Number of protein chains: 2
Amino acid sequence: MAATMKDLARETGLGLATISSYFNGGNVREKNKEKIETAIKKLNFEINEVARGLKTNHTKLIGVVIPELDMIFCAQIITEVEDILRNYGYATIVCDCRSDEKREEEALDFHFHRRVDGLIIMPTSTNGKGLKRFLEHNKPVVVIDRKIDGVDCDCVLVDNEKAVKDGIARLIEEKHEKIGLIAGPSDIYTSKERIKGYHKALKERGLQVDKSLISCGDFTISGGAKAMARLLDTRPDMTAVFVSNYEMTLGAMIELNERGVKIPQELSFIGYDNKEFAYASNPQLSIVAQPTKEMGKAVAQLILKRLQGDGNGKRKIWKLETEFIEGKSI
Amino acid sequence: MAATMKDLARETGLGLATISSYFNGGNVREKNKEKIETAIKKLNFEINEVARGLKTNHTKLIGVVIPELDMIFCAQIITEVEDILRNYGYATIVCDCRSDEKREEEALDFHFHRRVDGLIIMPTSTNGKGLKRFLEHNKPVVVIDRKIDGVDCDCVLVDNEKAVKDGIARLIEEKHEKIGLIAGPSDIYTSKERIKGYHKALKERGLQVDKSLISCGDFTISGGAKAMARLLDTRPDMTAVFVSNYEMTLGAMIELNERGVKIPQELSFIGYDNKEFAYASNPQLSIVAQPTKEMGKAVAQLILKRLQGDGNGKRKIWKLETEFIEGKSI
DNA sequence: CTGAAAGCGCTAACAA
DNA sequence: TTGTTAGCGCTTTCAG
């Protein structure tokens, strides 16, 4: 089996503590360092993180809970986070809860049992019960994208309101007045923010908000297609539409495609996220893109800071800005 | 701090071993079971997997190494695998090596140090050195998508050759003769297979293979766009093109879009993977779709079997079939 | 069926 | 600086 520190001690004739302090940056005489190093090579020693974890009560594991790993928005953030944390010796365990509250709870349990050192979550549920458990045990929590009331932890958010407001403003500039919005589920934080942005944009330009122009999807492709269909059926007078997440953008495009609706002649269109898809569409789509890479960086930075001992610093909320990319769909 | 088994023993008046065997499915008198259960609730006991891992030499951790988490093909497989393994108490640690051999090696080291119980990998490097280390330590390895010579482990593959052959055959049916292929890097297993399929399809129908109709991308969006541009420039006589992965399909579409090439009037097109994108495109794309969900299931099943003790069973290679989805791009 | 005791590989306090 | 020692929380003999 694998060599242990004991073996190193025997091999070098040194004490166990010396070996241990060698690995933990303690003071070891140069000569002994060399001895240890050759012994490591000879015995092919690799430190056992499990044993270390038992002792120190640190697993160097970070739990991640997200609604869907194959939502590109999630995947991009997670890759970035994982990459940075790994450079600091932390492994991330990602659980995809399929936007299901029960599964999310299970995932939190799962991580808790595993004694992760910290938690990163894009929450599905809006009650912060599961998160508090981590905080009570002094394990840092960073929430992505959706703020949760009553839980005192770091957050990385997007300025959803502004994102939508700017997009809608752009449409109004082009003299559109009957502008549809394909929103997310009305109980999700980001959806609410985006709807707020829609309202504000219209009001600021003195336009009326007509609720029948807002159609809620569920952030999935088929949900987006259905929401688009609903708008098309009930509001044939609509001249422009804003879709407020990537999967629904895809769904809406599928529906428009099937009906043969021409963009932008018959309908102006603004989508969300995923530049590549926007470029690959015909015509090229105008979209609002979220800064996933920056979000990932922010998340990693926040949790690392807490893990490195800043347990008491004040809670931080980072709000990042989206980017508007002009295509040919307006 | 959290309660331990010792606390349970004290609370119930039972011995430590009894508590332990309760958790490990041993025989415990009904009465004592009840006692233990109430104590668990009272003390809010949660088993410490770290300690357990130290003792049993099992971490219940599975290392996953993939080239890019935000390649949808990877993400879909991984989600499925993660979901299944979690139901069996295994956590997956995913490392994205960004298609970089050095990073891949680091990821393997990382997992090895962490003492994962098994490894799932979609390899970037073609030498199996890193994998052998796991096998030598009796840790099961499952390779996804790309077979590696000289490493004796389970594999889940796709019938790449047939996938491309069928697509090309479909184009030939429609009287295309100058058919372009946008292939992947020529040193990657799947690319080679796909190129083989291209050759076979042409030969079987008595057509000549013309190397200038094959353009190698690198499985990225920009690579796909460049490869498409190259073909368009050097072979204006080409009447159809087959793109052999999703990201390059996206890239190719971007390029075609920018040049205003009309599909299918000026060029027939077959893409790869991601049905949703195919439906959302205008016109709808014909594509070859890989069975990601089934692949995930197969991977999980194979590794679970090995983890459950079938260490010596013969190496299994599963080859799954792709699906051809007809759109309006031919 | 249950209890006592040893030990997994490591860290950390203390003594030397 | 280095060695000794006592656990971290659990599983697993071995007796009872």
Side-chain angles (χ1 to χ4, degrees), chain A residues 1-37 39-40 43-61 89 91 112-117 137-139 309, chain B residues 1-37 39-40 43-61 89 91 112-117 137-139 309:
Chain A
M1 276 315 312
T4 72
M5 285 197 182
K6 236 183 190 165
D7 299 324
L8 287 184
R10 192 177 328 113
E11 180 75 21
T12 56
L14 296 167
L16 239 176
T18 315
I19 310 290
S20 173
S21 73
Y22 168 82
F23 283 105
N24 294 290
N27 284 325
V28 177
R29 203 173 296 169
E30 197 53 46
K31 253 191 192 167
N32 289 332
K33 267 192 191 167
E34 284 166 21
K35 259 200 215 169
I36 295 176
E37 272 150 24
I40 290 175
L43 301 180
N44 226 288
F45 172 85
E46 316 233 19
I47 204 157
N48 185 330
E49 294 287 353
V50 180
R52 186 182 255 182
L54 176 60
K55 186 68 195 178
T56 59
N57 231 332
H58 291 328
T59 53
K60 288 265 180 177
L61 249 28
F112 198 76
H113 284 169
R114 282 230 119 80
R115 305 288 200 267
V116 296
D117 288 345
H137 285 255
N138 275 318
K139 305 201 188 260
Chain B
M1 278 313 311
T4 72
M5 285 197 182
K6 237 183 191 162
D7 299 324
L8 287 184
R10 194 182 320 117
E11 179 75 21
T12 56
L14 295 169
L16 241 178
T18 314
I19 310 289
S20 174
S21 71
Y22 168 84
F23 283 105
N24 294 289
N27 285 324
V28 179
R29 206 172 294 170
E30 197 54 43
K31 253 189 189 167
N32 288 332
K33 269 191 188 168
E34 285 166 21
K35 260 198 211 167
I36 295 176
E37 273 149 23
I40 290 176
L43 301 180
N44 226 290
F45 172 85
E46 317 232 18
I47 204 159
N48 185 329
E49 294 286 352
V50 180
R52 187 183 253 185
L54 176 59
K55 188 66 197 178
T56 59
N57 232 330
H58 291 329
T59 52
K60 288 263 179 181
L61 248 31
F112 197 78
H113 285 169
R114 282 228 116 81
R115 305 291 200 265
V116 296
D117 289 345
H137 285 255
N138 276 316
K139 307 204 187 257

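Please read all numbers here as calculations on a predicted model, not as lab measurements. First the proteins, then the strands, lettered A, B, ... as listed; each starts at 1.
Between B/Leu54 and B/Asn27, it is B/Asn27 whose nearest contact on DNA chain C lies nearer the 5' terminus.
C/dC8 atom C1' lies 13 Å from atom NE2 of B/His58, rounded to whole Å. The interatomic distance linking A/Asp7 (CG) with C/dG9 (C1') rounds to 10 Å, in whole Å. Rounded to a whole Å, the NZ atom of B/Lys60 is 21 Å from the P atom of D/dG9. In this entry the distance linking CG of A/Asn24 with P of C/dA13 reads 12 Å, nearest Å. In this entry the distance linking CZ of B/Arg52 with C1' of C/dG7 reads 18 Å, nearest Å. Summarising the geometry, the separation between CD on A/Glu30 and C1' on D/dT2 is reported as 16 Å, rounded to the nearest angstrom. Atom CG of A/Asn57 is separated from atom P of C/dG9 by 20 Å (rounded to the nearest Å). The nearest whole Å value for the distance from the CD1 atom in A/Ile19 to the C1' atom in C/dC10 is 12 Å.
Using a cutoff of 4.0 Å between basic side-chain nitrogens and carboxylate oxygens, B/Glu49 and B/Arg52 are scored as salt-bridged.
In this structure, A/Thr4 reaches the sugar-phosphate backbone alone: every heavy-atom distance under 4.0 Å involves primed, P, OP1 or OP2 atoms, never a base.
Between B/Phe23 and B/Phe45, the ring planes are tilted. Angles from 30° to 60° get that label.
For B/Met5, the side-chain atoms get nearest to D/dC10 when compared with the rest of D/dT2, D/dC10, C/dC1.
For A/Lys55, there are no side chain to side chain contact (heavy atoms under 4.5 Å, CB included) partners at least two apart in sequence or on another chain. Shown here are the side chain to side chain contact (heavy atoms under 4.5 Å, CB included) partners of B/Thr4, two or more places apart in sequence or in another chain: B/Lys6, B/Asp7. Partners of A/Tyr22 under the ring pair (Phe, Tyr, Trp, His ring centres under 6.0 Å) rule, at least two apart in sequence or in another chain, do not exist in this structure.
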Can you tabulate the close N/O pairs, meaning under 3.5 Å, that link protein atoms to atoms of nucleotides 3-6 of chain D?
{"residue": "D/dG3", "atom": "OP2", "partner": "A/Gly15", "partner atom": "N", "Å": "2.3"}
{"residue": "D/dG3", "atom": "OP2", "partner": "A/Thr18", "partner atom": "OG1", "Å": "2.7"}

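Counting only distance, with no hydrogens or angles, the side chain of A/Thr12 and the backbone of A/Ile36 share no donor-acceptor pair below 3.5 Å.
The shortest side-chain heavy-atom distance between A/Arg114 and A/Thr59 does not fall under the 4.5 Å cut-off.
Identified under the salt bridge (charged side-chain N to carboxylate O under 4.0 Å, His left out) test for residues 11-29 of chain A, with sequence neighbours left out: A/Glu11-A/Lys42.
Using a 4.0 Å cut-off on heavy atoms, none of the residues of residues 43-51 of chain A approach DNA chain D.
Between A/Ala9 and A/Gly15, the shortest heavy-atom distance links the atoms CB-C, 4.2 Å.
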